[in-house]
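Only one structure is covered here, and it is reproduced in the block below.
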Amino acid sequence: MFNDIQQTIEDKIKAWSAANDITLATLKWTAIPFSGEWGVSTSFFQTAADEARAGKGTGKPVPQRAQELAEQVKVQMGSVEGISHVEAIKGYLNVYFATGAYARRVVDTVLASGTDFGRGSAKGERVMVEYCQPNTHHSFHIGHYRTTILGESLARLTEFAGFETIRASYPGDIGLGVITVMWAYDKFYKGQEPAGVHERGQWLLKIYAEATALLEKHDDETPEQTTQREAYEAERREMYRKWDVGDPEVRALWQETREWSLAEMHDILDTLDVKMDVFFFESEVDEPSKAIVQELIERDIATDERSIGGPVIVKIDEKLGLAKEKYRTAVILRSDGTSLYLTKDLALARVKFEQYHVDRSIYVVDFRQSLHFQQAFKILEMWGFPQAAKCYHLSYGYITLPEGAMSSRRGRVILFKEVADEAVKRVLSVESEKSGDIPESERESIARQIGLGALAYSILSVDNNKDIVFDMNEALSFDGRTGPYIQNAHVRANSILKKVNGQLPPAEFRHNMEKHEIELIEKISRFPAVVEQAANEYRPMVMAMYAYDLANTFHSFYHAVPVMQTEDGEVRNARLRLVAAAKQTIANALRLLDIHAPDVM
RNA sequence: GCCCCCGUAGCUCAAUGGAUAGAGCACCAGCCUUCUAAGCUGUAGGUUACAGGUUCGAGCCCUGUCGGGGGCGCCA
């Protein structure tokens, strides 16, 4: 956390190596495996190996030579301000911090920074995170939730790490699926409309599933059924055509039903505390996207095969001179002149670069689109956008059901709303036996925080490229490595602090600290580095792991180390400040995971 | 045929090329007159799919094999 001490040591090592004609490899600092004290560690394996390769070594095995070097440095080190002692062990140089001074510094820094503890310095780069791409006219299911929570957490991380961050959503509000719902609604349900935002959204999903069944070809259908199906199909096609040419009636129907879905989506985003900066609607990028195709043809990036009845394509592998198939050939415009997913994404990327001036563009989209994005990024590169190098597809695995993939068309989905409601219900059912004193007026809201926290954590704590087989009991578990476990650490910290009404007199940390105290301080001090890592690697999971680790350390501390019962006032004050610092760090970590940190539960 | 992801404890998952591969769940044994037991402590559980290679050092990098998932010019 504090690099100045580390820097002092590093300078000393460099001076020593220069004086002794030793070619020092780059020093990498890591945390020492915890053993009751804390500090940082670096090794000399690389330096020893370099020596051996250069032929100027001593002929000794690398580990032995590394240990020798570490010992020499240790002898050479002398005393350094803020360092209690140094040890050379197994080729590593372990530098231990002077406990009291370091502890005080960490705790004071956290308390002074508050909600800003861990915030990175401004990076001078603008990041756009595109996530939450639900289709309208269906309902928001648990798969949409995964991109939303993943993207929101990532956006919070990049923002906190110091990147200027723009949150973007790209709802699919037009396409065959949308038209299918409109057709069925218009034909069978015109004028009807259930009350309630979510009821309406879910009703559309039901209509979609019904419509799909009507339009699906069956092997054993009778001639009458075939005629019927083909007539339906023709009606749907006609409706799409009318939408395309801007028929007022169809457009009005579209606007109305689209609004139902968007209302539901906004309600869910509110529930999740997601504040989008920009919405790119598929319907709005459709028309402009066609214009870029001509430009790509003129630049000789795309090949127009329309004269022979074909589409417009980009032969990526051929253009790159690749012998093996890798990016293949991408179609960027249908032979009938209509746009495709890729057409729109290329156009959208240009808007992001030129209108929003983004330096990095991150797409939180499921892993099945990985070829699509590889193609898109390559084409952008050929097109001459340097930002293409900093485009990143954060792919994630599907959420499937035990019986197989979810399918909106078959109506076989787990809706986010169902899960969220169930989560709150389950929390309320255990609140009476497990909770502390929760004011009646807050019970519902805290139950929501805990339920949604459990759900969010169950998604964020799994590596994004893993598939998740959705299990309600697992997703909403409150025990062990879960959101509520972390929230509970925050609550316990708060319950101690309540007893002094938040009064935190200064403290020196001169007492002989127990290992649980030291370990807690060590974990807290790692938070800023974890923020950097999670943001740089685009991995919310790193923060999820850390949050658990920190809470786990706090729970152990809480159990083993008395705070209010401490007789010595000086020690009590120090521990109170440590508890406050832990509470703050837990809250900051949870916030980056889009999880609330309640004061009671 | 080609490309991408994955394979770690019974199950679900971790582990910037670095020290003794770690958690949770499940199982077993303890801990509430003491700051919230949604908790803590302990036991048990491993040939990191397999075979080579690179490296002082490989779960991690490279090659191959096997197994699972996904994708591959007009769906999104």
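Reminder, nothing fancy here: chain letters follow the sequence lines and each chain counts from 1.
- Here A/T482 lies out of heavy-atom contact (under 4.0 Å) with every strand.
- Side-chain contact, A/E87 with A/Y96: a donor N or O sits under 3.5 Å from an acceptor N or O.
- A ring-ring contact (aromatic ring centres under 6.0 Å, His included) check over residues 449-501 of chain A, counting only residues at least two apart or in different chains, returns the pairs A/Y485-A/Y548, A/Y485-A/H555.
- Between A/R334 and the phosphate of B/C75, there is a side-chain N or O to OP1/OP2 separation shorter than 4.0 Å.
- You won't find any donor-acceptor pair under 3.5 Å spanning the side chain of A/S43 and the base of B/A19, going by distance alone.
- Residue A/D463 is classed as a sugar-phosphate contact, given heavy-atom separations below 4.0 Å to backbone atoms only.
- The side-chain tip of A/R575 does not point at the ring of A/F557 from less than 6.0 angstrom away and within 45° of straight on.
- Results of the side-chain contact (heavy atoms from CB on, under 4.5 Å) test with A/H137 over A/L205, A/I179, A/V181 single out A/V181 as the only residue that passes.
- For A/R539, the listed nucleotide lying nearest its side chain is B/A15; candidates were B/A15, B/A38, B/C40.
- The A/Q46 side chain lies nearest to B/G57 when the options are B/G57, B/G39, B/G73.
- Contacts of A/V561 with the nucleic acid, taken as non-hydrogen atoms under 4.0 Å apart, include base atoms.
- Contact annotation: A/K90 side-chain N/O to B/U20 OP1/OP2 distance is under 4.0 Å.
- Closest to the side chain of A/S556, from the set B/C40, B/U12, B/C74, is B/C40.
- Among the protein residues, A/V579 comes within range of no part of the nucleic acid, since none of its heavy atoms lies under 4.0 Å from any strand.
- Residue contacts shown for A/R53 are limited to sugar-phosphate atoms, with no base heavy atom under 4.0 Å away.
- Within the nucleic acid shown, A/M564 comes within 4.0 Å of at least one base atom, counting heavy atoms only.
- Side-chain proximity of A/R481 to the nucleotides B/C6, B/U36, B/C13 is greatest for B/C13.
- Whole-Å rounding puts the A/K583 NZ to B/C35 C1' distance at 14 Å.
- Between A/M541 and A/N464 the shortest side-chain heavy-atom distance does not fall below 4.5 Å.
- A gap of 41 Å separates the P atoms of B/C56 and B/U41, to the nearest Å.
- Taking atom P in both B/C50 and B/A37, one finds a spacing of 44 Å when rounded to whole Å.
- Among the atoms of the strands shown, none is found under 4.0 Å from any heavy atom of A/K315.
- In terms of phosphate contacts, A/N465 brings no side-chain nitrogen or oxygen within less than 4.0 Å of OP1 or OP2 of B/C5.
- When distances run from any side-chain atom of A/Q374 to the nucleotides B/C4, B/A19, B/U36, the shortest one goes to B/C4.
- Against the 90° criterion about 0, the sugar-base torsion of B/C5 places it in the anti range.
- Taking atom C1' in both B/C27 and B/A21, one finds a spacing of 22 Å when rounded to whole Å.
- Counting any heavy atom pair closer than 4.0 Å across all strands shown, A/I450 reaches a base atom.
- When each of B/A76, B/A19, B/A14 is scored by its nearest atom to the side-chain atoms of A/N94, the top-ranked nucleotide is B/A19.
- Residue A/Y396 has no polar side-chain atom (N or O) positioned under 4.0 Å from OP1 or OP2 of B/G70.
- Within 4.0 Å of A/Y558, counting heavy atoms only, lies at least one base atom of the nucleic acid.
- A distance-only check finds a donor-acceptor pair linking the side chain of A/H144 to the backbone of A/H141 [under 3.5 Å].
- In this structure, A/H372 and A/Y341 have parallel ring planes: the angle between them is below the 30° cut-off, well short of the 60° mark.
- Along RNA chain B, the nucleotide closest to A/V491 and the one closest to A/G172 are compared, and the more 5′ of them pairs with A/V491.
- Using modelled atom types, one finds a donor on one side chain and an acceptor on the other under 3.5 Å when comparing A/T338 with A/D336.
- Nucleotides B/A19 and B/U12 place their P atoms 27 Å apart, quoted to the nearest Å.
- Across all strands, A/Y485 comes closer than 4.0 Å only to sugar-phosphate atoms, never to a base (heavy-atom distances).
- Side chain of A/Y92, nearest nucleotide from B/C2, B/U36, B/G18: B/G18.
- A/A330 comes within contact range of no nucleotide atom at all, as no heavy-atom separation falls under 4.0 Å.
- Here the separation of B/G24 from B/C60, taken at their P atoms, is 26 Å to the nearest Å.
- Nucleic acid contact class of A/M601 (heavy atoms, under 4.0 Å, all strands): base.
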Exercise. Which dot-bracket string fits RNA chain B when only Watson-Crick or G-U wobble pairs with both atom distances under 3.5 Å count, crossing pairs get [ ], and | stands for a partner on a different strand?
Worked result: (((((((..((((....[...))))..((((.......))))......(((((..]....))))))))))))....

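- As rounded to the nearest Å, B/U16 and B/G59 have C1' atoms that lie 15 Å from one another.
- Considering only side-chain N and O atoms, A/K324 lies under 4.0 angstrom from the phosphate OP1 or OP2 of B/C3.
- Put simply, the side chain of A/T147 gets close to the backbone of A/C132: a donor and an acceptor are under 3.5 Å apart.
- Between A/R368 and the phosphate of B/C4, there is no side-chain N or O to OP1/OP2 separation shorter than 4.0 Å.
- Nearest nucleotide to the A/E282 side chain, out of B/C6, B/G39, B/A76: B/A76.
- To the nearest whole angstrom, the two C1' atoms, one in B/A49 and one in B/G68, are 11 Å apart.
- Scanning atom types as modelled, one donor and one acceptor separated by under 3.5 angstrom connect the side chain of A/S335 and the base of B/C74.
- Stacking of A/R368 on the aromatic ring of A/Y398 is recorded, both the 6.0 Å distance cut-off and the 45° axial limit being met.
- Closest to the side chain of A/R328, out of B/A38, B/C56, B/G1, is B/G1.
- Between the side-chain ring of A/F367 and the base of B/G70, no stacking contact exists by the 5.5 Å and 30° definition.
- For A/K434, counting side-chain heavy atoms from C-beta on, the closest listed nucleotide (B/C40, B/C13, B/A38) is B/A38.
- Among the heavy atoms of the strands lying under 4.0 Å from A/N552 are primed sugar atoms or P, OP1, OP2 only; no base atom is included.
- Between A/Q565 and A/L93, the one whose closest nucleotide on RNA chain B sits nearer the 5' end is A/L93.
- Within 4.0 Å of A/I89, counting heavy atoms only, lies at least one base atom of the nucleic acid.
- Between the side chains of A/K344 and A/S289, no donor-acceptor pair of N or O atoms lies under 3.5 Å.
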